[in-house]
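To keep things clear, I will list the structure first and then write my remarks on it.
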Amino acid sequence: MPGIAGIIGIGPWTERLMAVDAMVNRMMHERFYTSGAYANEELGLWAGWVCPRGTFADCLPLWNERKDICLIFSGEDFADQARIDALRAKGHVFNPDDASYLVHQYEEAGSGFLAQLDGCFSGLVVDLREQKVILFNDRFGVNRIYYHENRDGLYFSSEAKSLLKILPEVRQLDFQSLGELISCGCILQNRTAFTGVLTMPGGSAWEFSPGRPVRKSVYFKRDAWEQQPVLSGSDFHEKLEETWARVLPRYFRGREPVGVSLTGGVDSRMILAWAPRGAGALPCYTFGSRYRDCADVTVSRKVARICRQPHEVITLDSEFLSRFPSLAEKAIFISDGAMDVTGSIDLYVQEIARRIAPVRLSGTYGGEILRRLVMFKPRAPAAGVLDPEFTRFVEATPATYAQEMVGHRLSFTAFKQAPWYQTGKFTLERSQLTLRTPYFSNDLVALAYQTPPELVSSIEPSLRLIADGNPALENVPTDRGLRLRPIAGLTRVANFYQEFAYRAEYAYDYGMPQWLASVDKAFAPFHMERLFLGRHKIGHFRVWYRDELSRYVKEMLLDSRTLSRPHFRRSALEEAVQNHLRGNRNHTVEITKLLTVELIQRQFIDSSLDGVGAGDERVGSVGTACGAGAVE
């Protein structure tokens, strides 16, 4: 995945160069990536980066005119054009289509420039004037920085596997974190699956200077947003429209073609309704099921047609199922286990989406910001599958979760759920293309804190904004049958039908009751799944595990290595897997979690970390790319 890696602390020059070389190599997952390095022995800094060619940050390292400030940056900044123009007015020379203006922004504002950045990012400032290094990330913590500290210094990377590659002592599973991963689908409180490896809190700016203690500070505190006054309904809508119209065009800038990922909901439609592109200039696509045109597809096709933009469907077909074993392993590897094996879907569809446009503009996280949707909660796996001693870590998770839920609900979704639960998915998507979502805009999130109570869970503000941007879209109902101005009787019926179809699909797939699973088995020759699946979802793992993927599930979970793990109960695990494969029971959730945990064990603890799909031959030697204060 694109990102940064390095070591801060005095140490042997050649040894550190080789270590950074190894760290960067672990991040080179695709052939369209490029890499580089910078080292400064006086400051005790050895750093490298990985970047897709042609992207915003494909211009590293960034130097000011006097060559006394260097910036290494990963991610994007969606700056107001006036901010960029002001730098040019002061005589700075840079390319307006890439990140080169950022070093001049630091030159003018010092570390205060971090609060001006708007996007998901991480990076390093090397200030030779003040002999210091600043390691930073975005205020939400979405662009993860993993780190480990010991007496030799601070080791950091955008991917945990880089640290595991050079630090054998951290290649141990943390059972508290593993328990949370099984219960919640993510790890809480900025911990990771690995002992001694943590993630930087969002909004961090850590300053390092030779001979001085590390200064760990934050440049943003969310209480500044929490303490804003709540707006009235009319004032909120007026400010929402003004903010959206001002912010959205920034996400269409740059030198790479942009495509829009459409769904049947409101968040991606808001983008298309206000998109600053003419007819036929904005390719759109939707992810679809192999069984039928799902609601996302049918609605998105209408929306794209009204906006006179091209639209195509990326279908999760038999090719995906044939590639599932390698995609699942790669998903775990790239995400450092932060995403489960269902992340194979994300890898597959984003790989195809990149062929349409290398930048994906998405409505991702709109509901979580504008409507404060919580996406996960603790859930215990089937009784008996886990070892009793390990089970206590799973059982402790609800208390930790409840503790973290205390406080402002939007602060939970923006500053905890996003970096803890959603980051694995973001990591996979960003490994294939440039992912942009305007719902992490500083101005938009700040405004969301001012939402009046009666609109907090409502899609009405989004529907109004869509109608204001493109009135023709007002008459297209959402995938749940909702519209701004309901049609008496009809809208309620449409909403009831779509909600019923959604729940019925879930009940037939992930949520099938155990008693019904055996009944469904008796009707297997009639392929009842064709009646229920694909209406709203594109992934159908209960049926896939039982049928097309049964051989892989059996080979992985009934393997002697898996059955010997101390955190599993052999007999219960064998019984659960066999019952699911026979169709007698539904253990979809358990199988997903067990596959994920086993792949984490095999790829990060048992292996040499050579990686899945990684090719070291694609990476130039970082060690030859840098010298004392030199760059390549």
Side-chain angles (χ1 to χ4, degrees), residues 3-10 20 35-51 55-77 79-80 83-119 121-139 143 145 153-154 156 158 200 203-212 214-220 622 625-632:
I4 61 175
I7 306 169
I8 302 176
I10 303 301
V20 170
S35 65
Y38 170 84
N40 188 305
E41 191 171 22
E42 291 181 359
L43 292 178
L45 172 67
W46 290 262
W49 62 85
V50 172
C51 181
T55 57
F56 178 74
D58 186 18
C59 51
L60 302 179
L62 308 174
W63 286 95
N64 67 337
E65 292 90 346
R66 289 190 290 273
K67 298 289 184 180
D68 54 12
I69 301 174
C70 178
L71 177 64
I72 298 171
F73 189 84
S74 176
E76 292 189 292
D77 170 49
D80 178 22
R83 173 154 53 98
I84 300 176
D85 292 342
L87 291 172
R88 193 181 301 282
K90 292 183 177 181
H92 295 293
V93 179
F94 51 84
N95 184 342
D97 292 328
D98 61 29
S100 55
Y101 67 88
L102 293 175
V103 68
H104 305 293
Q105 193 170 325
Y106 174 84
E107 191 174 11
E108 295 292 337
S111 57
F113 101 108
L114 293 172
Q116 300 171 356
L117 297 178
D118 194 351
F121 52 81
S122 57
L124 277 170
V125 173
V126 183
D127 191 332
L128 301 180
R129 303 170 308 179
E130 300 186 17
Q131 289 292 291
K132 67 181 181 181
V133 174
I134 303 174
L135 177 65
F136 62 87
N137 63 351
D138 64 78
R139 62 184 63 191
N143 253 36
I145 294 292
L154 181 110
F156 65 91
S158 299
M200 283 180 68
S204 290
W206 292 2
E207 188 175 307
F208 303 82
S209 298
R212 299 178 188 172
V214 178
R215 181 185 169 197
K216 294 184 179 180
S217 61
V218 294
Y219 63 86
F220 174 79
V622 175
C626 52
V631 209
E632 175 121 339

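Side chains are part of it too, since the values below use all heavy atoms of this structure and drop only hydrogens, waters and symmetry mates.
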Under 3.5 Å donor-acceptor, [X] side chain and [Y] backbone:
X      : Y      : value
Ser158 : Ile4   : yes
Arg139 : Leu114 : no
Ser100 : Asn95  : yes

| said: Take a 6.0 Å sphere around CD of Glu108 and say whether it holds more than 12 heavy atoms from other residues, nucleotides or ligands. | reply: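 Counting neighbours around CD of Glu108, more than 12 heavy atoms of other residues, nucleotides or ligands fall under 6.0 Å, so yes.
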| Would you find more than 12 non-hydrogen atoms of other residues, nucleotides or ligands less than 6.0 Å from Arg88 atom CZ? | yes
| request: List the steps, then state whether side chain to side chain contact (heavy atoms under 4.5 Å, CB included) holds for Gln105 with Leu117. | output: CA-CA 10 Å; Gln105 193 170 325; Leu117 297 178; 4.2 Å; yes
| message | Could you work out, with side-chain contact (heavy atoms from CB on, under 4.5 Å) as the rule, every residue matching Asp68, not counting sequence neighbours? | response |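 side-chain contact (heavy atoms from CB on, under 4.5 Å) list for Asp68, sorted by chain: Asn64, Arg66, Leu128, Arg129.
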| request: List for me each residue that meets side-chain contact (heavy atoms from CB on, under 4.5 Å) alongside Ser111, sequence neighbours excluded, and say none if there are none. | output: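 Checked Ser111 against side-chain contact (heavy atoms from CB on, under 4.5 Å); matches are Ile134.
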Rounded to the nearest 0.5 Å, what separation is found between the [atom1] atom of [X] and the [atom2] atom of [Y]?
X      : Y      : atom1 : atom2 : result
Ile10  : Glu42  : CD1   : CD    : 9.5 Å
Ser122 : Phe156 : OG    : CZ    : 9.0 Å
Leu102 : Ile72  : CG    : CD1   : 13.0 Å
Leu71  : Asp127 : CG    : CG    : 11.0 Å
Ser74  : Phe121 : OG    : CZ    : 11.0 Å
Trp206 : Ser217 : CH2   : OG    : 10.0 Å

Between [X] and [Y], which heavy-atom pair has the shortest distance, and what is it?
X      : Y      : value
Phe136 : Val125 : CE2-CG2, 3.8 Å
Gly75  : Ala57  : O-CB, 4.3 Å
Ala109 : Gln116 : CB-NE2, 3.9 Å
Val20  : Gly6   : CG2-CA, 4.3 Å

| said: Please evaluate residues Leu45 and Tyr38 with respect to the criterion side chain to side chain contact (heavy atoms under 4.5 Å, CB included), reporting the C-alpha separation (whole Å), side-chain torsions for both, the decisive distance (0.1 Å), and the verdict. | reply: CA-CA 8 Å; Leu45 172 67; Tyr38 170 84; 3.9 Å; yes
| Would you call the rings of Phe113 and Tyr106 parallel, tilted or perpendicular if under 30° counts as parallel and over 60° as perpendicular? | perpendicular
State, with a plain yes or no, whether a side-chain heavy atom of [X] is found less than 4.5 Å away from one of [Y].
X      : Y      : value
Val214 : Ile8   : no
Lys132 : Arg212 : no
Cys70  : Val103 : no

| task | Give the C-alpha distance, both sets of side-chain angles, the deciding distance and a yes or no for side chain to side chain contact (heavy atoms under 4.5 Å, CB included) between Asn143 and Asn137. | result | CA-CA 7 Å; Asn143 253 36; Asn137 63 351; 5.5 Å; no
| Picking from His104, Glu130, Glu107, what satisfies side-chain contact (heavy atoms from CB on, under 4.5 Å) with Ile69? | Glu107
| task | Check side-chain hydrogen bond (donor to acceptor under 3.5 Å, both in side chains) between Asp77 and all other residues, then give those that pass, not counting sequence neighbours. | result | Arg83, Tyr101
| Phe73/Asp98 under side chain to side chain contact (heavy atoms under 4.5 Å, CB included): CA gap, chis, key distance, verdict | CA-CA 11 Å; Phe73 189 84; Asp98 61 29; over 6 Å; no
